[in-house]
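Each ligand, and each atom within it, is numbered from 1 in the order the structure gives.
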Amino acid sequence: MHDFQYRGDELFCEDVAVRKIADAVGTPFYLYSRHTLESHFQAFDSAFGKMDHIICFSAKANSNLAVLRVFTRLGGGVDVVSGGEIYRAMQAGAKPEKIVYSGVGKRPDEIEFALSQPILMFNIESSQELVLIDQIAGSLGTKAPVSLRVNPDVDPKTHPYISTGLKKNKFGINIKKSVDDYILANTLPNTRVIGVSCHIGSQLTEVGPFVEAVQRIKDLVARLRAEGIQIRYIDLGGGLGITYNQEEPPHPREYAEALIKELPGIDCTLILEPGRVIVGNAGILVTKVLYTKEGGEKNFVIVDAAMNDLIRPSLYGSYQRIQPIHKKDRVEIMVDVVGPICESGDFLAKDRKLPKAESGELLAVMSAGAYGFTMSSNYNSRPRVPEVLVDKDRFYVVRRREEYEDLIHGESIPEPLK
Ligand SMILES: Cc1ncc(COP(=O)(O)O)c(C=O)c1O
C-alpha cells in the first residue's frame, strides 16, 4: 500500500494534490510520501519481531537526507557503499555503530574515513581489501571490525545487471574459499572478525533464493565457529522486490519468517539491508507532456523528464506504470513515452496503452522512489530535478532544482585558453 491515490479525478500524495506541488515547484520532480516511507520501514522491521536485528536501509536506493532521516528517527541504520554515502548517513543523523560498509572497490581514503567514525563493520569483498583495511587500521592505531561478504552462488532469478550472488559476478568472496580468508583475517593484528554477509541481488520476487543463501551462510557460520572464529552478526543484504507491474513478491512478513525459520538458536544479530522494498513505491516522478506526435509507425508522447532523471527503463528495460495526474474520459492509444534526450534509448515506456495524452498535462511515473533520483545525472546538461517530501497536508522541497550555474560548478577554463 502507498499514499498516492486519486481523490475524485485528481492524484493526491497523502493530503496534498500533486498538481498543487507541480504549480509551486515546476516539473519534473520526484515526490515522496513520509507516511509510506515510515509504514514500509515499520512493516519490514516488525516482520523480524523479537529476533535480534538491525535494519540498515540501503542508501544507494535513495540517499536524500530527509529520506534517510525518516529511517534513522525510527532507529534504523544505513548500508553504504562509498565514503560519500557514509558522509550522507552521518549528516542525516545515523549512528555510526549502525552503519555497514559494503562495496567491491573501497578506496584507501574511503577506508580511512570509515575507520574514523567508527562504523559497525566493513563487508569485505576480497583478500587484498582485507589486508589493506588491516594496514590502514594499524596506521590509525585502531582495529577494523569486519565481516566477509561471501558469494553463495545462488541464482536470484532477476535481471542480470542486478544479480550479484552468482559465481560469475564480481561481488563478494567465493563462499568455499572464504574460510581461508577468515583464517587469515583472524590472524591479522588490526582486524576484528565479527560477521558474515551476503547480498544476492535486487528485485527478487521469490523467497527460494534467499532461503538457499541463508542455508549456505548457516553452514559457513558453523564451520567458522568450529575453527574458533566468533561470528556475532549475519548480514543478509537486501533484495526483496516490489510490484512495478504484475509482479507478486512475498510480503516482508513471509520473507522474514522464511529466513528466521532457517536460523534457530543461531545466537547472532541479524542485519538486513533493504532498499527498494522500503522506498520504491513511496516515490513517484512527476513530468509534463511537452508534445505529442505521430511518427511513421508509432505515436510519441514527449515529456520533460528523461533517461538522465530516471534511467531504469533505458538501463534494464524496466516497467514503470504511468498514469495521468488528472483522470478524464478519453480513448486509449498505444504510445512510446520519451524524453528530450538525444538518444533513441531515452524512453520511460515503450508500446504502452495509455489514455490519449494532451500537451501540457501532468503524468505520474509510479514506483520511482528507489534507484530514481540516486541514479540521475546531468547528461545533456540537464539540471537535476527537485525532490519533494509530503507530510500529511504539507510538502517540503528536500532538494532544490539545480540551476544552470550548478552545471558548471567546479569547472574552469585554463589560462592558455583564455
Ligand atoms: C550490498 C547491497 N545491499 C543492499 C542492496 C539493496 O538492494 P535492494 O534495493 O534490492 O533491497 C544492494 C543493492 O544492490 C546492495 O548491493
Option of least heavy-atom distance to atom 13 (C) of ligand 1 (set: Glu125, Arg149, Gln203, His199): His199
Atoms of ligand 1, numbered as shown, that sit under 4.0 Å from any heavy atom of Ser202: 7 (O), 8 (P), 9 (O), 10 (O)
Within the 6.0 Å centroid threshold, strictly below: Tyr319 and Tyr244: no
Parallel, tilted or perpendicular, as decided by the 30° and 60° cut-offs, for the rings of Phe373 and Tyr30: perpendicular
Proximal ligand 1 atoms for Tyr371, defined as those under 4.0 Å from one of its heavy atoms: 6 (C), 7 (O), 8 (P), 9 (O), 13 (C)
Sub-4.0 Å atoms of ligand 1 with respect to non-hydrogen atoms of Gly238: 4 (C), 11 (O)
Residues forming a salt bridge (Lys or Arg N to Asp or Glu O under 4.0 Å) with Arg73, sequence neighbours excluded: none
Contacting atoms of ligand 1, where contact means under 4.0 angstrom from a heavy atom of Gly275: 8 (P), 9 (O), 11 (O)
Nearest non-hydrogen partners of Ala61 and Thr374, listed with the distance: O-OG1, 3.3 Å
Glu273: numbered ligand 1 atoms lying under 4.0 Å from its heavy atoms: 1 (C), 2 (C), 3 (N), 4 (C), 5 (C), 6 (C), 11 (O)
Test ring pair (Phe, Tyr, Trp, His ring centres under 6.0 Å) applied to Tyr32 - qualifying residues, sequence neighbours left out: none
Per-atom contacts, ligand 1 versus Gly239 - under 4.0 Å to a heavy atom: 7 (O), 8 (P), 10 (O), 11 (O)
Check: Ser102 N/O within less than 3.5 Å of ligand 1 N/O: no
Aromatic plane relationship, Phe48 with His53 - under 30° parallel, 30 to 60° tilted, over 60° perpendicular: tilted
Heavy-atom gap Val277 to ligand 1 smaller than 4.0 Å: no
Within reach of ligand 1, part of Ser58 (heavy-atom separation under 4.0 Å): side chain
Residue part near ligand 1, for Asn123, under 4.0 Å between non-hydrogen atoms: neither
For Arg276, the ligand 1 atoms whose distance to one of its heavy atoms is below 4.0 Å: 8 (P), 9 (O), 11 (O)
Within-shell test, Ala370 vs ligand 1, heavy atom, strictly < 4.0 Å: no
Pro274-ligand 1 polar pair, N/O distance under 3.5 Å: no
Residues Glu212 and Arg216 bridged, charged N to O under 4.0 Å: yes
Under-4.0 Å salt bridge between Asp3 and Lys392: no
Short side-chain donor-acceptor distance under 3.5 Å, Asn378 and Glu402: yes
